[in-house]
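Working notes, beginning with the structure itself.
Read the numbers this way: they start at 1 and go in the same order the structure lists the ligands and their atoms.
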Amino acid sequence: MHLHDLTIRKFHEGLKKKEFSAFDVAKTFFDYIGTRDQEVGAYLSVHKDEALKQAELADIKVAKNEPLEWLTGVPMAIKDNILIQGLPATAASKMLENYKAAYDATVITRLKSVGAVFLGKTNLDEFAMGSSTENSAFKKTRNPHDLDRVPGGSSGGSAAAVAGHMAVAALGSDTGGSIRQPAGFCGVVGLKPTYGAVSRHGVIAMASSLDQIGPFTKTVEDSAILFKSIAGRDQFDATSVEKNYGEELWNPKLEDIKKLKIGIPEEYFGPGLEPEVVKVMEETMKTLKSLGLEFKEISLPHTKYALSCYYIIMPAEVSSNLARIDGIRYAPVSGVNREGLDLEGLYRQNRSHGFGSETKRRIILGTYVLSSGYYDAYYAKAQKVRRLIAEDFEKAFKEVDVIFTPVSPTVPFKFGEKVSDPLAMYLSDIFTIPVNMAGLPAVSIPAKIKGGLPVGFQLIGKHWREQDILGIGQFYERLSG
Ligand code: GLN
């Protein structure tokens with residue numbers, strides 16, 4: 001096994017047994033990134049000096065025989081909309097091209113306190129808006145399984161870094177699917193935690209009522225381990241909640257898992273699913289049935305409104321969150337000549353020059369649905385529909401414990417295929433968006449397939465029941481090897 005193929009568990013065990021040093025592993029990753037990332041393009045910036053220093057600290061702990069945390073020394077990649085003090089945090093936007101983070105996001109503080117190593121910051125769609133990473137202002141990220149195809153988005157860089165063996169694990173953010181869809185496209189595991197499980201402090205906000213930070217990993221077990229280490233109440237995020245997540249996350253018991261009933265929502269298996277996806281879903285269900293799990297058909301009747309509802313609420317929040325990105329407060333925008341401009345002129349120049357077209361589209365849409373005269377017709381109405389979508393899940397969860405769906409209706413698509421047609425791009429998130437609207441946890445797991453492109457399946461859980469979806473995932477993983 002190459003060092004860059006390590007999982008969190010294997011890294012942890014190897015470090016404890018002194019099979020390698022954290023320093024050597026980090027160096028191996030940088031060497032590998034130096035060649036492999038020229039074609040994949042997962043990283044926007046790498047930070048070798050800082051990372052090697054962190055790795056040395058981990059090795060000192062090992063030398064002193066101090067107890068090691070799961071993540072001590074683990075080389076990780078961080079989406080470039082999550083702040084690490086002193087490092088760039090561009091959100092893949094020209095607006096923040098020259099910005100250096102003034103403080104650590106809470107998830108970073110937590111990971112630093114257990115000694116994780118940050119290799120670099122990964123590419124994304126500008127301000128996390130998109131499903132292919134094609135909206136990045138800086139570069140293309142390619143799918144490591146097929147370089148002609150997109151890695152998904154918006155956390156395409158984090159997914160590609162893990163899938164391309166350029167990080168042991170990564171963090172991303174998920175507002176409408178941005179962890180789960182790229183995980184599915186790249187054949188890795190992606191978890192969107194329950195809303196409130198992980199602090200949002202220090203993530204560059206997209207739509208605050210929907211955003212959650214979560215892990216990308218090679219195994220479901222690793223996902224559980226990384227999730228546990230970032231979860232918990234934080235005084236800087238009033239929506240965060242303390243839950244006593246524990247070992248049950250990565251140590252599930254088969255007798256508990258067997259009792260879980262799985263719902264199959266008819267609305268997620270209609271026309272529009274690519275035949276390849278259908279086939280993989282059927283095979284996966286067979287495997288899950290062989291674990292002794294019972295399946296039941298359910299209905300989530302308001303699913304058909306989820307996308308239109310999301311494209312009102314999300315842009316409304318985007319337009320207010322991005323109002324502060326003015327090219328003055330955080331960093332100057334390169335290429336804007338300030339001379340002779342009054343304040344309004346400067347805002348105008350910065351924002352028209354610095355934002356990409358998808359970001360502008362959403363700011364304009366959001367401003368429109370919040371404007372007086374339209375607020376009730378659009379925004380207030382969408383909030384009510386959001387409630388109905390959440391109630392669909394509440395009802396379903398009276399009958400079943402977990403819901404099984406595809407992650408995406410299609411396999412990873414080619415560059416340029418959807419980027420000129422926003423609606424086609426938006427439709428690729430149809431199965432992930434309702435989960436954010438309801439604040440539920442969901443995990444995207446690569447289905448085992450012979451050859452072909454990666455296809456992921458999604459397990460949606462009840463609020464705070466990450467252990468159910470991660471538990472089923474871990475037994476699936478063991479069965480499918
Ligand atoms: N692809 C979705 C969008 O464009 C979701 C983005 C996200 O989860 N950050 O809005």
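At under 3.5 Å, a nitrogen or oxygen of G130, whether backbone or side chain, sits near a nitrogen or oxygen of ligand 1. Between K79 and ligand 1, a contact under 3.5 Å exists for no N or O pair. Taking only nitrogen or oxygen atoms, main chain and side chain alike, G177 reaches within less than 3.5 Å of ligand 1.
Salt bridge E358/R361: present, at least one basic N to carboxylate O contact under 4.0 Å.
The closest protein non-hydrogen atom to atom 7 (C) of ligand 1 is S178 OG, 2.4 Å. When only non-hydrogen protein atoms are considered, atom 2 (C) of ligand 1 lies nearest to D429 OD2, 3.1 Å. If you check which protein heavy atom lies closest to atom 5 (C) of ligand 1, you get Y310 OH, 3.4 Å.
Shown in contact with S154 at under 4.0 Å from a heavy atom are these atoms of ligand 1, numbered in order with element: 9 (N). Close approach of ligand 1 to G176 (heavy-atom distance below 4.0 Å) involves ligand atoms 5 (C), 7 (C), 8 (O). The atoms of ligand 1 that sit less than 4.0 Å from any heavy atom of A128 are 6 (C), 7 (C), 9 (N). Short contacts between ligand 1 and D174, defined as distances under 4.0 Å to a heavy atom of the residue, involve ligand atoms 8 (O).
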Go through it in stages, so that I can follow the logic: the residues are R465 and E248, the test is salt bridge (Lys or Arg N to Asp or Glu O under 4.0 Å), and I'd like the CA-CA distance, side-chain angles, deciding distance and then a yes or no.
CA-CA 11 Å; R465 293 294 296 186; E248 72 286 348; over 6 Å; no
Would you check, one step at a time, whether the test side chain to side chain contact (heavy atoms under 4.5 Å, CB included) holds for Q458 with S444?
CA-CA 5 Å; Q458 173 171 247; S444 164; 5.5 Å; no
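Side-chain contact check for R110 and S199: no donor-acceptor pair (N or O, by modelled atom type) lies under 3.5 Å. With no hydrogens or angles considered, a side-chain donor-acceptor pair links T359 and E126 at under 3.5 Å. Checked by atom type, the side-chain pair S208/N321 shows a donor-acceptor distance below 3.5 Å.
At a heavy-atom distance under 4.0 Å, no atom of Y426 approaches ligand 1. At a 4.0 Å heavy-atom cut-off, ligand 1 touches R362 through the side chain alone. Contact annotation for Y311 and ligand 1: only side-chain heavy atoms (C-beta onward) come within less than 4.0 Å of the ligand. Only the side chain of M206 comes within contact range of ligand 1, with a heavy atom under 4.0 Å; no backbone atom does.
Under the 30°/60° scheme for interplanar angles, the aromatic rings of F457 and Y476 are found to stand perpendicular. Under the 30°/60° scheme for interplanar angles, the aromatic rings of W250 and W70 are found to stand perpendicular.
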